[in-house]
Number of protein chains: 2
Amino acid sequence: MGPDHERNPRGSLDDVAIEVVGVVVAVTDDRPRVLTVGGAAPRLPTGALHLSGDVTLERALRRMVLEQTGLELGYVEQLYTLGDRDRGTDLAVRLISVAYLALVREREPQGDSQWRDLYEFLPWEDFRGGRPAPLDRSVIPALRDWVERSDGDAADVRRERAGIVFGRDGSPWDIERSLERYELLYEMGWVPEAGARQDPPQRGAAMALDHRRIVAQALGRVRGKLRYRPVVFELLSDEFTLTGLQRVVEALSGTRLHSQNFRRLIDRGGLVEGTGRHDTGTGGRPAELHRFRREVVRERPAPGVGLPGMPTSG
Amino acid sequence: MGPDHERNPRGSLDDVAIEVVGVVVAVTDDRPRVLTVGGAAPRLPTGALHLSGDVTLERALRRMVLEQTGLELGYVEQLYTLGDRDRGTDLAVRLISVAYLALVREREPQGDSQWRDLYEFLPWEDFRGGRPAPLDRSVIPALRDWVERSDGDAADVRRERAGIVFGRDGSPWDIERSLERYELLYEMGWVPEAGARQDPPQRGAAMALDHRRIVAQALGRVRGKLRYRPVVFELLSDEFTLTGLQRVVEALSGTRLHSQNFRRLIDRGGLVEGTGRHDTGTGGRPAELHRFRREVVRERPAPGVGLPGMPTSG
DNA sequence: ACAAAAGTGTTCGTCTTACACCCATGC
DNA sequence: GCATGGGTGTAAGACGAACACTTTTGT
C-alpha cells in the first residue's frame, strides 16, 4: 500500500498517506459479522488510495475490498476519517484513513480474509441473551475503579460520563452509543490495544491499530440507521420471513424484540409485502415469505424498522 | 497552504494534499448564517493540515478557523471527507478535504471573512414564509423539464427520485434531505457551479469549488441532529426565552413550529429550566428566561427538540 | 396429542396535535 | 382599553408495549 515509509528519526512528519478502510458487515445465522484480514490481531480491509486511478474514494474502497477479499459491495456509506498524529503506525508519515461502512449479504471471502463475529470485539454490546456477562463481571467493576481513582469534582465528572454511556444511575442503555463506550474504555487504558499486553477475553479481541474503534463506530452507525432508513434489506436475500428479518435487526441492535409488535410495526409501516409463498422447515407453522417494498422510500420521510427502548438497568 | 502545486501536464496525479474545511454556523436575528471567506464566489474557511504540528484533524480545523477568521469554535463534529479526482481545483494534486460542522454563537469575524445567510446559497430550503418562491417558480419547472428530457423507464426513475427528494407526488418534504436535493440539482446542471456562467438569483449564490455542496450537507446534518441531540444550545447565549429558542430551531429547520406545543415539548423533555428572571421588551408579556439543563443528557437516551412533520405539498 | 413457531385482536398508557383560553405588559 | 406576545389546560387521536389467544405445521 503506497510507497515504503521508514520511521522518521527526526520525529517530524513531512509526508502523508491516504488509505481507505472498510467495515464490511453481514448477518448470518443470527450473528453480525465483520470482514477481517489476518490472524492474531486482525485488521479491517485497508488499502491505499490510487491518486490517479481511483475516481472517487468510494470506488477506491470497492476496488480495494474486491482485490483483498473478492467481495463486491452493495450498500456503502462513508463513516469517518481518522487522521490523528499518533495512531500507532510506526511510520514516518501522517496516515489519513477514510473509513466506510458497507453492508452485504454474506459470501465466502478469498485470500487471507474471513468473517468474524462482531461481538468478539465488543462483547459488552450484545444484550440478546440478557445483560452480557463481560459487562457486569468486567466492565462495570473497571468503571467503578476508574471513577474512584480520582476524587472530588473529577470523580463526579467521571461517574456522570460512565453513567451516561453505560446506562447506569438512572440512565438508559443507549444502543447507539457504542463508540462512546469504546472510547471511554480506551481512555481508561482498559482495552488491549491501549498498551495492555495480555488479552483477557472479557475485554474483547484486539485488532490492529485503531480498527476496533472503527468497528465500534460502525456498529453505532448501523444501529442508528436502522431506525430511519431501510438498510436491513441490504443484508437479507430478496425473500425472507418476518422472523428472519427480526433476527437480523436483533443481531445488529444487540437486543431482543417483541415478535408480535415487530411484525405489526413492519407491515403497518408498509416496509414489506407478502409474496404468498411460504417457508416450511421453520419448526412450526410455515412462515410467509416477504419482500421489501421499494416504494416506501417515497411514501414516508424516515422509513426504518423502529427499535424499542431498552430496559433501564444498573 | 502547503507546497505549491502546478497543473500537471501529464494529467496523472502523483501527489496529494490534505486540507480541513469548516462549515461554521450561527443563528442571529432569526437567520441561519454560515462563515465565508472572500467575495464573488465565496469559499468556506479552508486550510492545509499541518502534518507535524496538528495533533488531530479537529484541532487543525480549530487552529485554521482561528487564524483565518479570529473565531474560537465551540461544538465541532466531522461531516464528510471529499476526495473525488475531479473537483475543479486546477491543481495537479489529489485534494482531500475533511469537512467539519461547527456551531458557534455569532461574533464579528476578522480579516476577509464574513457571515452570510445560509439560505442565500440554498434558497429553496426555507419554508418559514410558506413555500419558498424559488422552489415553485424555478426548481420545480426545471425538475419537470429534466424528467421530460428522458423517456420511458429513465423518465420514471427520474420522476421517482425527484418526487422523493423534493416532496412531490405524495412524498412529504423531508427537511433532512437537503444534500440529496442539492446533488440532484447539481447533476441536472442547474446550479451555477456546474458549468453555467450566469448566476440567476433563483438558483442561489455560487461558492468556490464544491463548497456549496458541503453547506447543503451541513444543513441536513444540523437538521437531523436537532432531533436527537441538544445542539441548539450551542447557538444560544446561556439565558434565552423559549420563543428565542424556537426561532433558532425554526431558522435551521426552515419551518414554522406551533409555539404552544413547542414550549411543552421542550420543558416536558426537561431540556430547560426557568431562571425566574424575565425579558421585557418583547412587545407583549415579558418572557421568562430559561437555561439549558445539562443533566438531561443522562436522563434521556436521545434528547432533542423534536421537530414535527412538514405539511405534504405539491 | 403436543410442541413449536406464525400470526391476530384488544387493551392500556403515553406521546403528538390541535384548539381554546387566560396572563402580563406597552401604548 | 386593546394589541401583542407569553403561557396553561384539555381533549382527540396516533402510536408503542404488553398480553391473551388462534392457526398451521412436524413428530
Side-chain angles (χ1 to χ4, degrees), chain A residues 30 172 175 226-228 239-250 253 255-290 299-313, chain B residues 30 172 226-228 239-250 253 255-291 296 299-312:
Chain A
D30 303 350
I175 59 170
L226 282 179
R227 281 186 199 284
Y228 60 94
E239 299 201 343
F240 47 84
T241 66
L242 291 183
T243 304
L245 171 59
Q246 181 179 342
R247 293 285 172 261
V248 173
V249 174
E250 288 175 336
S253 70
T255 65
R256 283 273 167 231
L257 301 172
H258 185 113
S259 66
Q260 291 96 319
N261 291 336
F262 180 80
R263 319 177 84 75
R264 228 179 321 243
L265 227 72
I266 293 300
D267 62 28
R268 183 156 44 73
L271 277 158
V272 302
E273 61 192 359
T275 62
R277 311 200 306 118
H278 291 263
D279 178 17
T280 53
T282 52
R285 169 177 172 174
E288 185 171 7
L289 289 167
H290 290 72
E299 292 162 3
R300 302 204 303 140
V305 293
L307 294 166
M310 281 290 295
T312 309
S313 58
Chain B
D30 303 352
L226 282 179
R227 281 185 199 284
Y228 59 94
E239 300 200 344
F240 48 82
T241 66
L242 291 181
T243 305
L245 171 59
Q246 182 179 342
R247 293 284 173 263
V248 173
V249 174
E250 287 175 338
S253 71
T255 66
R256 285 273 166 229
L257 301 172
H258 185 114
S259 65
Q260 291 96 319
N261 291 337
F262 179 80
R263 320 177 84 73
R264 226 178 323 242
L265 229 71
I266 294 300
D267 62 27
R268 183 158 41 73
L271 277 158
V272 301
E273 60 192 358
T275 61
R277 309 202 305 120
H278 291 263
D279 177 17
T280 53
T282 53
R285 170 176 172 175
E288 186 171 7
L289 290 166
H290 290 72
R291 78 167 70 85
V296 287
E299 292 162 3
R300 302 204 303 142
V305 293
L307 294 166
M310 279 290 295
T312 308

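Order of the sequence lines sets the chain letters (A, B, ...), proteins ahead of strands, with each chain counted from 1.
Following rounding to the nearest Å, A/R263 (CZ) and C/dG9 (P) show an atom-to-atom distance of 13 Å. Between the CG atom of B/L257 and the P atom of C/dT16 there is a distance of 14 Å, rounded to whole Å. Here D/dT23 presents its P atom at 16 Å from CD of A/Q260, a figure rounded to the nearest Å. The nearest whole Å value for the distance from the NE2 atom in A/H290 to the P atom in C/dA6 is 11 Å. Following rounding to the nearest Å, A/Q246 (CD) and C/dG7 (C1') show an atom-to-atom distance of 12 Å. When rounded to the nearest whole Å, the span between CD of B/E288 and C1' of C/dA24 equals 13 Å. Here C/dT25 presents its P atom at 8 Å from NE2 of B/H278, a figure rounded to the nearest Å. In this structure, the CZ atom of B/R256 is 14 Å from the C1' atom of D/dG5, given to the nearest Å.
Annotation: side chain to side chain contact (heavy atoms under 4.5 Å, CB included) contacts of B/S259 (sequence neighbours excluded): B/Q246.
The A/H258 side chain lies nearest to D/dA18 when the options are D/dA18, D/dG6, D/dT23.
For C/dT14, its base never sits under 3.5 Å from the side chain of B/R264 at any donor and acceptor pair.
Partner A/L257 forms a side-chain contact (heavy atoms from CB on, under 4.5 Å) with one of A/E250, A/R263, A/R247 and no other, that one being A/E250.
In this structure, OG1 in B/T241 is found 9.0 Å from NE2 in B/H290, a value given to the nearest 0.5 Å.
Between B/R285 and A/G284, the residue anchored closer to the 5' end of DNA chain D is B/R285, taking for each the nucleotide with the nearest heavy atom. Residues A/N261 and A/A287 each lie close to DNA chain C; by heavy-atom proximity, the contact nearer the 5' end of the strand is made by A/A287.
Nearest heavy-atom pair, B/F262 versus B/L242, reported as atom, atom and distance to 0.1 Å: CE2-O, 3.8 Å.
At the phosphate of C/dA6, OP1 or OP2 sits under 4.0 Å from a side-chain N or O atom of A/T243.
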